[in-house]
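The structure presented is a predicted model; accordingly, all values stated were derived computationally and were not measured. Along the sequence shown, the residues carry numbers beginning at 1.
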Amino acid sequence: QVQLVESGGDLVQAGGSLRLSCVASGRTFSRYLMAWFRQAPGKEREFVANVNWSGGRKYYADSVKGRFTISRDNTKSTVYLQMSSLKPEGTAAYYCAAKLDNSRVAPIFAATVRDMDYWGKGTLVTVSS
């Protein structure tokens, strides 16, 4: 079992920046591929970014590529999402997710809700125009 706790959500103006954090507990953090998803009101949960166990391979949704950066610190069991040039359409609850990754799958192949094994409860990001 893995517990995930997100933090860092806030109200920010369009064009601003924000950094989300997700702390994991319960199992060896480096065994997991980590991901961020988001869900806007009335919409389905969508993939944002993920990072492999070492932090060396990352994959991004086209909508955030070049503006968001995912990273992880295995010594702190924490994954981050640095968001810049935020847009109003980025208003959503942001969820941290983990996938047990014994087979070291490439991040591009672990980018859907069904791929994830554990979820946090989310942190709210509101981008005002």
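- Looking at Gln82 and Tyr80, their side chains never come closer than 4.5 Å, going by heavy atoms from C-beta outward.
- Trp53 does not carry Arg31 over the face of its six-membered ring by the limits of under 6.0 Å from the centre and within 45° of the normal.
- For the pair Arg45 and Tyr95, the cation sits on the ring face: its NZ or CZ lies under 6.0 Å from the ring centre, inside 45° of the axis.
- Proximity of Ser128 to Val12: side-chain heavy atoms (C-beta onward) are nowhere separated by under 4.5 Å.
- Under a 3.5 Å cut-off, the side chain of Ser129 and the backbone N or O of Pro88 do not form any donor-acceptor pair.
- The shortest distance between side-chain heavy atoms of Leu86 and Gln13 does not fall below 4.5 Å.
- Within the 4.5 Å cutoff, the side chain of Cys96 has heavy atoms near those of the Val79 side chain.
- Clustering ILVMFWY residues whenever any of their side-chain heavy atoms sit less than 4.5 angstrom apart, transitively, puts Val113 in the very cluster that holds Val105.
- Atom NZ of Lys65 has more than 12 heavy atoms from other residues, nucleotides or ligands within 6.0 Å.
- The structure places CG of Asn50 at 6.0 Å from CD1 of Ile70, a figure rounded to the nearest 0.5 Å.
- Hydrophobic clustering, with ILVMFWY side chains joined whenever heavy atoms are under 4.5 angstrom apart, keeps Val64 apart from Met116.
- A donor atom on one side chain and an acceptor atom on the other are found under 3.5 Å apart for Arg72 and Asn74.
- Across all non-hydrogen atoms, the minimal contact from Ala93 to Leu124 is N-CD1, 4.0 Å.
- No side-chain heavy atom of Leu81 sits less than 4.5 Å from a side-chain heavy atom of Thr69.
- Using a 4.0 Å cut-off between charged nitrogen and carboxylate oxygen, Glu6 and Lys121 do not count as a salt-bridge pair.
- Within the structure, ring pair (Phe, Tyr, Trp, His ring centres under 6.0 Å) contacts touching residues 17-42 (residues at least two apart or in different chains) are Phe37-Phe47, Phe37-Trp119.
- In this structure, CE in Met34 is found 9.0 Å from OG in Ser77, a value given to the nearest 0.5 Å.
- At a threshold of 4.5 Å between side-chain heavy atoms, the hydrophobic network of Ile, Leu, Val, Met, Phe, Trp and Tyr places Leu100 and Leu33 in two separate groups.
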